[in-house]
Amino acid sequence: MSEEIIEDDLPEQLRIRREKRSAILARGDEAYPVAVARTASLKEIRARHLGLAIDVATGIQESLSGRVIFKRDTGKLCFATLREGDGTELQAMFSLDKVGPDLLNQWKSDIDIGDLVSVTGEIITSKRGELSILADSYQLAAKSLRPLPVEHKPLSEETRVRMRYVDLIVRPEARFNARLRPQVMQSLRQSFSSREFIEVETPMLQVMHGGATARPFKTHSNAYDMELFLRIAPELFLKRCVVGGLERVFEINRNFRNEGADSSHSPEFAMIEAYQAYGDWDSIALLTRNLIQEAAFAVYGSHVVTHHDGRELDLGGTWREANLFDLISEGVGEVVSAQTSLDELKRIALKLEMKIDPKWVAGKLAEEIFEQVTEGQLKDPIFVRGYPVDTSPLVRAHRLTPGLVEKWDLYIEGFELATGYSELIDPVIQRDRLVEQAALGAKGDVEAMNLDEDFLRAMEFGVPPMGGMGMGVDRLLMALTGLGIRETILFPLVKPEEQ
RNA sequence: GGGCCCCUAGCUCAGUCGGUAGAGCAACGGACUUUUAAUCCGUGGGUCGUCGGUUCGAGCCCGACGGGGCCCA
């Protein structure tokens with residue numbers, strides 16, 4: 001019988017809990033029952049008895065369940081704190097005259113911190129005024145075989161990420177963050193829906209990746225015996241939707257990029273993309289601001305968001321707009337434009353002691369200079385507008401300024417949160433741009449885009465003028481909370497532990 | 001890719017000069033009918049990330065590897 005075998009090389013505390021489980025089963029009780037009595041949640045009980053005076057017996061019987069997170073055993077009156085999933089806590093009391101000596105002793109010896117229990121009894125307040133359930137009986141709902149970490153010392157970063165389930169039990173902020181994300185998602189969908197955008201789901205497994213410049217993850221289909229890619233962006237499929245008459249579409253889903261991971265990059269990340277027929281970069285910028293402001297309001301009830309360290313960030317009102325090349329010129333102290341030559345830009349970059357990749361074209365170098373001198377200083381929300389054409393193959397030319405495209409990047413707290421375009425809709429120009437990209441790919445640029453013939457065929461049927469945007473959901477949560485990306489994702493990728 | 005730091009009990013961490021392992025909480029035994037990280041008395045718990053080297057002797061020094069973090073690019 002496997003139940004009788006208790007590995008004696010286990011750490012002491014794990015071994016003792018397994019022995020307790022065996023003892024419970026051996027005397028015919030259940031350690032993992034199929035159901036336990038539960039008449040209300042702890043939250044409901046707290047709400048119903050708000051403001052109850054000290055030392056009151058209500059006469060109301062309830063059965064309540066929760067995880068034991070503190071245990072204070074005394075001789076004839078024991079206290080325990082129960083916690084349920086959202087963090088609501090309630091005290092349970094076990095007195096000798098109510099439960100009798102056998103059950104009291106059993107409570108003391110069987111139940112450990114971390115166990116899930118159901119307690120049946122009367123709702124009272126203690127002599128200190130603590131709302132409590134005074135037990136007549138209790139039942140184990142699930143025996144915990146592992147001790148919880150200390151409540152009052154912060155878990156190490158690594159343990160939080162590797163054992164998020166424990167993190168959620170012990171750390172209020174983890175619970176807050178876990179619930180923040182669905183609130184934001186709901187708000188985003190509500191914002192789109194109220195503007196008559198419809199949500200679509202486009203392929204994540206793709207025959208050909210596209211829509212962004214990034215290295216993809218590759219996989220293999222046995223059924224088709226062909227190489228497939230995890231998508232790096234949904235853009236080209238959403239544009240196909242617009243061709244077909246889904247004039248306002250959005251998708252919120254995962255993208256995958258086979259690149260470095262750090263405090264603001266995860267190999268898989270949630271992304272919003274939206275396309276609005278008969279809109280442009282201005283209409284889509286307004287949409288983006290509304291999405292973010294409405295999400296902030298949904299979470300905090302205000303456009304001023306409070307970060308986890310107490311700092312406040314005001315996302316209200318309209319946001320600053322500035323031209324990319326004006327910001328660069330300001331930053332380097334001389335006039336830089338889309339016409340500035342690659343050699344000139346190199347001279348500036350060298351003055352800034354930047355390392356220059358010889359593969360960079362002028363536009364790319366200009367953007368790198370911007371990142372070097374300006375990006376980190378853009379604390380308040382700002383739309384940076386007008387990007388070089390040679391780094392933006394899916395964007396239409398700027399209607400006024402040659403060499404630029406109608407693309408903006410939204411910066412908040414110094415990092416890029418979203419990007420938006422007046423989309424390129426001329427299929428002939430689009431083909432030229434993708435042919436250029438394919439040539440870069442042939443020369444070994446692993447991030448270059450492919451020549452997607454089906455996408456071009458779709459465009460050739462006629463795409464309405466449109467604006468489009470993309471925004472990282474994880475980054476939106478970072479902007480709303482000030483947290484690192486691994487705190488906004490419940491289960492970020494971590495390398496396996498050694499056995 | 002380069003540099004720096006960390007890995008010790010279930011958890012969070014100390015560990016001096018290289019001399020054979022410590023604390024708090026948690027656990028175990030006992031006392032306690034109003035506790036709030038209960039308190040008091042007592043006890044146990046360690047492959048010091050892994051492998052190798054130096055040494056009479058390594059948690060500590062050296063090297064490699066694994067895992068994690070920070071900074072730079």
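In what follows, chains are A, B, ... by sequence order, proteins preceding strands, each numbered from 1.
- In this structure, a donor-acceptor pair under 3.5 Å is present between the side chains of A:T88 and A:D86.
- When heavy atoms are screened at a 4.0 angstrom cut-off, A:D55 is found touching no nucleic acid atom at all.
- B:rU55 and B:rG67 have their C1' atoms separated by 29 Å, with the value rounded to a whole Å.
- When the C1' atom is compared between B:rU50 and B:rA26, the two are found 28 Å apart, to the nearest whole Å.
- For A:L155, the listed nucleotide lying nearest its side chain is B:rC11; candidates were B:rA27, B:rG67, B:rC11.
- Put simply, A:R486 has a side-chain N or O that comes within less than 4.0 Å of OP1 or OP2 on B:rG69.
- Using the Watson-Crick or G-U wobble rule with both distances under 3.5 Å, B:rG18 pairs with nothing in any strand shown.
- Nucleic acid contact class of A:S132 (heavy atoms, under 4.0 Å, all strands): none.
- Residue whose closest nucleotide on RNA chain B sits further toward the 5' end, between A:V494 and A:T159: A:T159.
- In this structure, B:rC70 forms a base pair with B:rG3, meeting either the Watson-Crick or the G-U wobble geometry with both donor-acceptor distances under 3.5 Å.
- Note: A:Y300 and A:F176 have tilted aromatic rings, judged against thresholds of 30 and 60 degrees for the angle between ring planes.
- Inter-residue side-chain proximity for A:F370 and A:L378 is flagged as met; some heavy-atom pair is nearer than 4.5 Å.
- The distance from atom CD1 of A:I16 to atom C1' of B:rA9 is 13 Å, rounded to the nearest whole Å.
- Rounded to whole angstrom, the span from the CD atom of A:E157 across to the C1' atom of B:rC11 amounts to 16 Å.
- The A:I113 side chain lies nearest to B:rA26 when the options are B:rG44, B:rA26, B:rU34.
- A:E158 has its CD atom 14 Å from the C1' atom of B:rC5, to the nearest Å.
- No hydrogens or angles considered: a donor-acceptor pair under 3.5 Å links the side chains of A:T39 and A:E62.
- Using a 4.0 Å heavy-atom distance criterion, A:R162 is classed as a sugar-phosphate-only contact.
- Spacing of P atoms, B:rU16 relative to B:rG22, comes out at 13 Å, to the nearest Å.
- When rounded to the nearest whole Å, the span between CD1 of A:I169 and C1' of B:rC11 equals 13 Å.
- Pairing for B:rC25 is with B:rG10, a Watson-Crick or G-U wobble pair whose two hydrogen-bonding atom distances lie under 3.5 Å.
- When the P atom of B:rU33 is taken as reference, atom NZ of A:K98 falls 18 Å away, rounded to whole Å.
- Residues A:N255 and A:F269 have side chains in contact (heavy-atom distance under 4.5 Å, counting atoms from C-beta outward).
- The ring pair (Phe, Tyr, Trp, His ring centres under 6.0 Å) pairs that include a residue from residues 43-62 of chain A number zero, where partners must be two or more places apart or lie in different chains.
- B:rC72 and B:rC13 are spaced 30 Å apart, taking the C1' atom of each and rounding to whole Å.
- If you check every strand for non-hydrogen atoms under 4.0 Å, A:K20 touches sugar and phosphate atoms only.
- A donor-acceptor pair shorter than 3.5 Å can be found between the side chains of A:S63 and A:T120.
- Salt bridge present: A:R46 and A:E130 bring a charged side-chain N and a carboxylate O closer than 4.0 Å.
- Between B:rG67, B:rU33, B:rU34, one nucleotide has an atom nearer to the side chain of A:K127 than all others, and that is B:rU34.
- Taking atom C1' in both B:rC71 and B:rU39, one finds a spacing of 47 Å when rounded to whole Å.
- Note on A:M354: nothing from the nucleic acid sits closer than 4.0 angstrom, heavy atoms only.
- Looking at A:Q13, its side chain comes within 3.5 Å of the base of B:rG10 through a donor and an acceptor atom.
- For the P atoms, the distance from B:rG53 to B:rC60 is 14 Å, rounded to whole Å.
- When both pairing distances are held under 3.5 Å, B:rU39 makes a Watson-Crick or G-U pair with B:rA31.
- One P atom belongs to B:rC48, the other to B:rU8, and the distance between them is 11 Å to the nearest Å.
- Nucleotide B:rG44: unpaired (no Watson-Crick or G-U wobble partner with both distances less than 3.5 Å).
- Here the nucleotide nearest the side chain of A:Q91, chosen from B:rA26, B:rU36, B:rU34, is B:rU36.
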Audit row: A:D73, A:K71, salt bridge (Lys or Arg N to Asp or Glu O under 4.0 Å) steps and yes/no: CA-CA 6 Å; A:D73 290 345; A:K71 215 168 163 249; 3.0 Å; yes

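- Side-chain atoms of A:S132 and A:Q91 form a donor-acceptor pair, as typed in the model, at a separation below 3.5 Å.
- Rounded to an integer number of Å, the gap from A:L10 CG to B:rG46 P is 12 Å.
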Atom pairs, N/O to N/O, protein against nucleotides 37-39 of chain B, distance under 3.5 Å?
residue: B:rA37; atom: O4'; partner: A:H152; partner atom: NE2; Å: 2.7
residue: B:rA38; atom: OP2; partner: A:R72; partner atom: NH1; Å: 3.0
residue: B:rA38; atom: N6; partner: A:D73; partner atom: O; Å: 3.4

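- In terms of position along RNA chain B, the nucleotide closest to A:E151 lies nearer the 5' end than the nucleotide closest to the other residue of the pair A:L493 and A:E151.
- Of the candidates B:rC28, B:rA26, B:rG44, B:rA26 carries the atom nearest the A:P147 side chain, counting heavy atoms from C-beta on.
- Per the geometry, NZ belonging to A:K355 stands 9 Å off P belonging to B:rA73, to the nearest Å.
- Straight-line distance between the C1' atoms of B:rG52 and B:rA9: roughly 26 Å, to the nearest whole Å.
- Nucleic acid contact class of A:L96 (heavy atoms, under 4.0 Å, all strands): base.
- Listed nucleotides: B:rU33, B:rG44, B:rC11. Nearest to the side chain of A:S95: B:rU33.
- One can place CG of A:L14 at 12 Å from C1' of B:rA9, the figure rounded to the nearest angstrom.
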